[in-house]
Amino acid sequence: MENADIAWLSVSTLLVLMMVVPGLALFYGGMVRSKNVLSVLMQTTSVFCLAVVLWFVYGYSLAFTDGNAFFGGFSKLFLSGLFNAPDGFAESGSVPELLFAAFQATFAGITCALIIGGFAERARFSAVLVFTVVWFTLAYVPIAHMVWYGGDVPGLLFAAGALDFAGGTVVHINSGIAALTAAALVGKRLGYGKEALQPHNLPMTYIGAAVLWVGWFGFNAGSALAANNTAVLAFMNTLIATAIAVLAWSATEKLLKGRSSLLGAASGAIAGLVGITPAAGLVGPVGALIIGLIAGVACAWSVTYVKHWLRIDDALDVFCIHGIGGIIGAILTGIFNAQSLGGPGITSAEIPAQIWTQVEGVLLTIVWSGVVAIVAYYVAKVLCGSFRVSEEDERAGLDISAHGESAYRK
C-alpha cells in the first residue's frame with residue numbers, strides 16, 4: 001500500500017465530486033431559463049446523492065464482484081468487508097478497496113446526473129428520482145461491470161479486450177443515449193422551435209465548465225489509481241485534448257455560423273474532456289491532440305445539425321456532446337493505443353481487431369442504455385402519474401411550481 005497513491009486517489013475523488021457539485025450543476029444551470037435554474041441545481045445534486053447511496057447499498061457489489069458476464073454478486077452489499085480489507089483486490093491496485101469504492105461512487109453519481117440535461121425544464125422531480133433508481137440499477141451497474149471488472153468471472157467487454165480508461169462507454173455514451181431516449185419520450189419543451197429558449201446566465205455556464213475541466217483531472221488521471229507515470233500521461237492528455245477541442249469548436253462554429261460564442265467554447269471544453277476520457281491513459285499526447293480536435297469539430301457539427309435532424313429536444317445537448325464525444329473517443333482509443341502511433345499498448349497489426357472490439361462495446365452500450373431508459377421512463381411515469389409536469393407548471397417554471405423558490409428577485 002503506497003501512501004502517495006492513497007493521497008492522490010483521495011484528492012481525485014474530491015475532484016470528481018467537485019465536477020458535479022458545483023461544476024455540472026452550474027454548467028447546466030446557466031443553460032436553462034431563469035425560472036428553471038434552481039430545479040436543475042436541485043435535480044443535479046439530488047440525483048448525484050441518490051446514485052452514491054445506491055452505490056453504497058448494492059451498486060458496488062453488483063459491479064465489482066464475481067457473478068456473471070453482466071452483473072456481479074451480492075457479497076459486498078453495503079460495502080461489507082471493505083474496511084480493513086486485505087490487499088490484493090486487482091481492480092483497486094495499491095489503494096484500499098474502500099477508497100476505490102468511494103472513487104467509483106462519484107463516477108456513478110455524475111453519470112446519472114448528466115442524464116437530466118436531456119429532459120431539463122419539464123420533468124417532474126419525483127419522476128427523475130424514480131428514473132434514476134431504475135436506470136442506475138439496470139444500465140449503469142451492468143455496463144460498469146461488463147467494462148471494468150476483470151475478476152475470476154470477468155465482465156463481458158473486459159473479457160473481450162475493450163479499452164475504456166475512465167468511462168467513455170460507462171459514463172458518456174451510457175448517459176448520452178439515456179438522455180436522448182428520455183428526451184424523445186417526454187417530448188419537447190413548450191415553445192421549442194417557435195420561440196428562443198436562450199441560456200439565462202452564460203457566465204454561470206462558463207464557471208461550471210471551468211470547474212468541470214479542473215475536476216476532470218481527478219476523473220481521468222485519478223483512474224490510474226496511483227501516483228505514477230500513467231496518471232501523468234492521463235493528466236497531460238486531459239490538458240491538451242481539451243485545449244485543442246475549445247479551439248476546434250470555436251473554429252467550426254465560426255465556419256458554420258459566422259461567429260464563435262462563449263457557450264461554444266465552454267461546450268468545446270466538455271467535448272474535448274469527453275473525447276479523451278476513454279483514452280486518457282492509453283494514448284500518447286499526439287493521439288490525445290487528434291482525439292480532442294476531432295471531438296471538438298464533430299460535437300460542434302452535431303449540435304448544429306444532428307440535433308435538428310433528430311427533432312428531439314435534448315435540452316442541454318447531452319447526446320451531441322457526451323454521446324457523440326464518447327463514441328468518437330471510444331473508437332479512436334482503439335487506433336491511438338497502438339505503439340506505432342505513440343500509445344503504450346497494441347501493435348499496428350492489432351489495430352483493426354481492436355477497433356472492432358471498441359465498436360462492439362459502443363453498440364452494446366447504445367442498445368443496452370437506450371432500452372433501459374425506455375423501461376425507466378415508463379416505470380417513473382406509472383409510479384408518479386406523469387413524467388412531465390403540467391403545462392401550467394412548465395409555463396410558471398419548475399423553481400416555483402416544484403420547489404417553491406426563485407433564484408432571482410424581480
Side-chain angles (χ1 to χ4, degrees), residues 12 16 19 91 103-104 107-108 110-111 114 140 143-150 155-158 160-177 212 216-225 230-231 233-242 244-245 270-296 298-299 318-319 321-338 341-346 350-351 353-366 368-369:
S12 295
V16 182
M19 288 174 66
E91 273 65 29
F103 181 62
Q104 287 294 332
F107 276 59
I110 193 171
T111 305
L114 285 169
Y140 182 81
I143 295 294
H145 179 79
M146 282 189 268
V147 173
W148 284 334
Y149 185 67
L156 180 68
L157 295 174
F158 185 96
L163 301 174
D164 187 353
F165 187 76
T169 49
V170 179
V171 176
H172 298 296
I173 300 175
N174 214 3
S175 61
I177 294 299
L212 278 163
W216 222 293
F217 287 102
F219 197 83
N220 284 353
S223 291
L225 304 179
T230 301
L233 178 63
F235 198 100
M236 182 63 211
N237 286 345
T238 301
L239 179 64
I240 191 62
T242 310
I244 192 64
I270 306 305
L273 290 162
V274 169
I276 197 56
T277 291
L282 300 173
V283 304
V286 173
L289 186 77
I290 296 172
I291 290 172
L293 175 65
I294 294 174
C299 291
V318 186
F319 172 73
I321 295 178
H322 295 273
I324 297 296
I327 291 169
I328 289 169
I331 294 173
L332 293 182
T333 300
I335 299 174
F336 291 103
N337 179 248
L341 298 175
I346 61 176
E350 295 172 309
I351 292 177
Q354 188 63 54
I355 292 175
W356 176 242
T357 300
Q358 298 300 105
V359 170
E360 287 180 322
V362 168
L363 294 176
L364 175 61
T365 303
I366 289 173
W368 193 295
S369 181

Ring pair (Phe, Tyr, Trp, His ring centres under 6.0 Å) partners of Phe235, counting only residues at least two apart: Phe217
All ring pair (Phe, Tyr, Trp, His ring centres under 6.0 Å) counterparts of His172, not counting sequence neighbours: Trp216, His322
side-chain contact (heavy atoms from CB on, under 4.5 Å) partners of [X], counting only residues at least two apart:
X	value
Ile294	Ile290, Ile328, Leu332
Leu225	Leu9, Phe100, Phe103
Leu289	Ile240, Ile244
Ile355	Ile331, Ile335, Ile351, Val359

Could you tell me if the side chain of [Y] sits less than 4.5 Å from the side chain of [X], heavy atoms only?
X	Y	result
Gln358	Thr169	no
Phe165	Pro278	no
Val171	Thr277	no
Phe158	His145	no
Asn237	Asn220	no
Gln354	Leu163	yes
Val283	Ile276	yes

Please give me the minimum heavy-atom distance between [X] and [Y], naming the atom from each residue.
X	Y	answer
Ala295	Gly275	CB-CA, 4.3 Å
Val274	Gly326	CG1-N, 3.3 Å
Ala234	Thr238	O-OG1, 2.7 Å
Gly281	Pro344	O-CG, 4.0 Å
Val16	Gly218	CG2-C, 4.0 Å

[atom1]/[X] to [atom2]/[Y] distance, rounded to the nearest 0.5 angstrom?
X	Y	atom1	atom2	result
Ile324	Ile173	CD1	CD1	9.5 Å
Met19	Ile110	CE	CD1	3.5 Å
Ser369	Ile143	OG	CD1	7.0 Å
Thr242	Leu273	OG1	CG	3.5 Å
Asn174	Tyr140	CG	OH	8.0 Å
Leu156	Leu364	CG	CG	6.5 Å

Whether Asn337 side chain and Gly343 backbone form a donor-acceptor pair below 3.5 Å: no
Test log, rule side chain to side chain contact (heavy atoms under 4.5 Å, CB included), inputs Phe336 and Val286: CA-CA 9 Å; Phe336 291 103; Val286 173; over 6 Å; no
Aromatic centroids of Phe107 and Phe219 separated by under 6.0 Å: yes
